[in-house]
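The block underneath contains the structure these notes are about, expressed in structure tokens.
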Amino acid sequence: MSSNAPETPIRKAGSREWVGLAVLALPTLLISLDQSVLYLALPHLAEGLRPTGTQTLWIMDVYGFLIAGFLITMGTLGDRIGRRKLLMIGATAVGLTSVAAAYSTSAEALIVTRGLLGIAAATLMPSTLALISNMFHDPYQRARAIAVWASCFMGGTALGPVVGGVMLEYFWWGSVFLLGVPVMVLLLVVAPFLLPEYKDSAAGRIDLLSALLSLVSILSVIYGLKELARYGFEPVPLLAIAAGLAVGAVFVARQNRLAVPLLDLRLFKVGAFSAALLILTVSMLGTGGGYLFITGFLQMVEGFSPMEAGLWMVPAAVASIVAAQVAPVIAKRHPLSTVVGAALLIGMAGYLMLVFVDPVGGIPLLVAGFVIIFVGVGTFGSLGTNLVIGSVPPERGGSAAALSSISGDLGNALGVAVLGSLGAAVYRDAVVVPDGIPRAAADAAGGSMEDAVTAARDLPAGPADGLLTAAAEAYTRGLNTIGVACAVIAAISATIALTMLRRSRGAVPTGDRAPAARTQGGKPG
């Protein structure tokens with residue numbers, strides 16, 4: 001083609017695409033809500049099913065484990081069989097497994113159904129995000145659409161405890177799992193009319209061994225990081241992480257040998273793509289650790305119920321949603337590196353506010369810091385995700401979406417493990433148990449704030465108040481330390497953004513992209 005040939009005008013999205021975006025936003029909201037709503041239902045669930053401690057941990061974790069483990073496979077599968085088709089298959093599976101989870105009659109059954117629900121949910125995130133890239137070809141419109149998608153994901157996390165509290169006020173514990181059923185039914189009804197189908201006609205068969213290697217690698221690393229957060233540097237979680245990294249190395253070597261790899265590693269040669277994933281991972285490390293201690297402060301130091309703590313988190317969720325919507329407008333006028341770097345520095349200022357929170361009267365400063373942090377999170381959550389999707393060819397959209405989600409999951413898990421361990425160490429060093437406390441209660445309080453709260457329930461009012469005051473002061477010291485660590489992480493993230501993204505301007509990279517997406521039938525529906 002001649003270099004003087006006129007450029008093909010970019011097709012603008014119309015009303016059908018924007019209504020379709022609303023359809024795609026619903027499962028995104030549901031996935032993030034499902035990850036936080038169970039914390040509130042756990043006491044009610046424990047009364048009905050009587051799970052052991054180990055079973056309780058698996059009920060909580062198996063959903064997130066399997067989402068993370070299957071993201072790469074599902075993202076690639078959608079590119080091969082059709083993103084809309086996979087979305088509808090996943091929606092059907094989510095609806096059925098949600099009902100099965102709601103009516104589980106034993107802890108074992110709930111673990112199995114939650115695991116199946118996680119596998120089904122893993123089809124939704126990469127499919128929804130990849131379909132957005134097919135529906136919105138104009139870079140600015142795509143940036144706005146991804147901002148809506150990111151807002152739903154962030155908002156669902158904060159709304160989980162609030163929605164769960166309302167449901168449990170009137171219904172039984174299984175009702176929290178039924179929230180997704182009407183959403184999935186609506187998706188199945190309208191998706192064929194509003195969403196385009198897309199698949200890579202040049203894609204080959206999925207390499208099953210690669211899928212297994214990716215699953216084992218990601219599950220092992222995530223499991224090890226979560227166990228480090230719970231139990232510290234024990235041999236089992238360290239071995240799990242080492243094994244996961246070793247299997248990951250085998251996975252990478254295999255992808256380099258395959259003619260049609262499960263994951264095209266050439267994506268990482270795109271500078272904007274690699275930079276966005278790196279910033280996402282590093283910034284989520286701080287967000288995960290900070291979120292852990294902020295929510296712990298609300299519930300254990302201030303004594304709020306999960307629902308009340310959720311309500312205190314709503315201002316931060318609103319701030320992140322507003323920031324996500326405004327970010328594409330600002331990035332249209334200023335260099336992307338400057339906007340992202342400034343957002344991360346704003347988050348750093350929020351983390352520094354946590355350094356000055358006190359155990360008494362600390363709520364205003366804590367909430368203000370939390371809001372400022374999530375202004376930065378919302379901005380990069382929108383722009384970073386759009387950068388990942390916008391910098392790869394359309395036929396790799398599913399894989400890119402999966403990697404974006406995995407980067408966030410790994411960063412969050414690493415933050416909880418590393419910063420959780422740091423905060424716990426500060427707590428143990430700082431706690432000073434008052435005289436007159438029984439030895440068993442004192443030993444328990446010296447281990448963690450959670451154990452201090454449990455031990456105080458068996459003490460008379462006076463000693464219990466003294467024990468909780470000492471524990472609250474030590475926990476707040478840990479929060480202050482985490483604030484410093486997270487501020488440093490935010491500064492590192494900002495430095496990466498200001499250097500590695502310097503050449504990218506606007507909301508998305510303006511470098512070469514592959515031709516427009518191939519669709520079945522040529523247009524939506």
For a side chain to side chain contact (heavy atoms under 4.5 Å, CB included) check, start with the C-alpha distance between S106 and L110, then their side-chain angles and the critical distance, and finish with the verdict. CA-CA 6 Å; S106 67; L110 184 56; over 6 Å; no
Passes side chain to side chain contact (heavy atoms under 4.5 Å, CB included), V99 versus L178? Steps please. CA-CA 6 Å; V99 173; L178 297 179; 4.2 Å; yes
Go through the steps to decide whether T123 and I89 satisfy the test side chain to side chain contact (heavy atoms under 4.5 Å, CB included), and finish with yes or no. CA-CA 8 Å; T123 67; I89 292 171; over 6 Å; no
Before giving the answer on side chain to side chain contact (heavy atoms under 4.5 Å, CB included), spell out for T97 and R114 the whole-Å C-alpha distance, their side-chain angles and the decisive distance to 0.1 Å. CA-CA 8 Å; T97 51; R114 282 278 289 174; over 6 Å; no
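Looking only at side-chain heavy atoms (C-beta outward), P196 and R84 stay at 4.5 Å or farther from each other. Side-chain contact between L280 and M284 is present, with at least one heavy-atom pair separated by less than 4.5 Å.
Atom CG of L66 and atom CD1 of I119 lie 5.0 Å apart (nearest 0.5 Å). Rounding to the nearest 0.5 Å places CZ of F293 at 7.5 Å from CG of L479. Atom CD of E197 and atom CZ of R83 lie 9.5 Å apart (nearest 0.5 Å). Rounding to the nearest 0.5 angstrom, the gap separating the CG atom in L298 from the CG atom in L311 is 10.5 Å. Rounded to the nearest 0.5 Å, atoms CZ (R144) and CD (Q325) are 6.0 Å apart. The structure places CE of M74 at 9.0 Å from CG of L71, a figure rounded to the nearest 0.5 Å.
For the side chain to side chain contact (heavy atoms under 4.5 Å, CB included) test, residues two or more places apart in sequence or in another chain that qualify with A424 are R428. With sequence neighbours left out, F374 forms a ring pair (Phe, Tyr, Trp, His ring centres under 6.0 Å) with F370. Contacts of T128 classified as side-chain hydrogen bond (donor to acceptor under 3.5 Å, both in side chains), with partners at least two apart in sequence or in another chain: W149. By the side chain to side chain contact (heavy atoms under 4.5 Å, CB included) test, V23 pairs with L187, V190, L194, sequence neighbours left out. Partners of Y223 according to the ring pair (Phe, Tyr, Trp, His ring centres under 6.0 Å) rule, which considers only residues two or more places apart in sequence or in another chain, do not exist here. Here A100 pairs with T113 under the side chain to side chain contact (heavy atoms under 4.5 Å, CB included) rule; sequence neighbours left out. Partners of Q299 according to the side-chain hydrogen bond (donor to acceptor under 3.5 Å, both in side chains) rule, which considers only residues two or more places apart in sequence or in another chain, do not exist here. Taking A319 as the reference, V371, V375 meet the side chain to side chain contact (heavy atoms under 4.5 Å, CB included) condition, with sequence neighbours excluded.
Listed here is the closest heavy atom pair of S493 and V282: OG-CG1, 3.2 Å. Contact detail for L195 and G20: the closest heavy-atom pair is CD2-O, 3.7 Å. Listed here is the closest heavy atom pair of S210 and L258: OG-CD1, 3.5 Å. What you find for S98 and V181 is that their closest heavy atoms are CB-CG2, 4.1 Å. Closest heavy-atom contact between P237 and G224: CB-O, 3.4 Å. For the pair C486 and L419, the tightest heavy-atom approach, listed with the atom from each and the gap, is SG-CD1, 3.6 Å.
A distance below 6.0 Å separates the ring centres of W18 and F136.
For residues 66-114, the ring-ring contact (aromatic ring centres under 6.0 Å, His included) pairs, not counting sequence neighbours, are Y103-W172. Here ring-ring contact (aromatic ring centres under 6.0 Å, His included) pairs that include residues 240-261, with residues two or more places apart or in two chains, number zero.
S217 places no side-chain N or O within 3.5 Å of a backbone atom of L213 that could act as its donor or acceptor partner. A donor-acceptor pair under 3.5 Å is formed between the side chain of S382 and the backbone N or O of A324.
Ring-plane geometry between W312 and F304 is classed as parallel, the angle between the planes falling under 30 degrees on a 0 to 90 degree scale with a further cut at 60.
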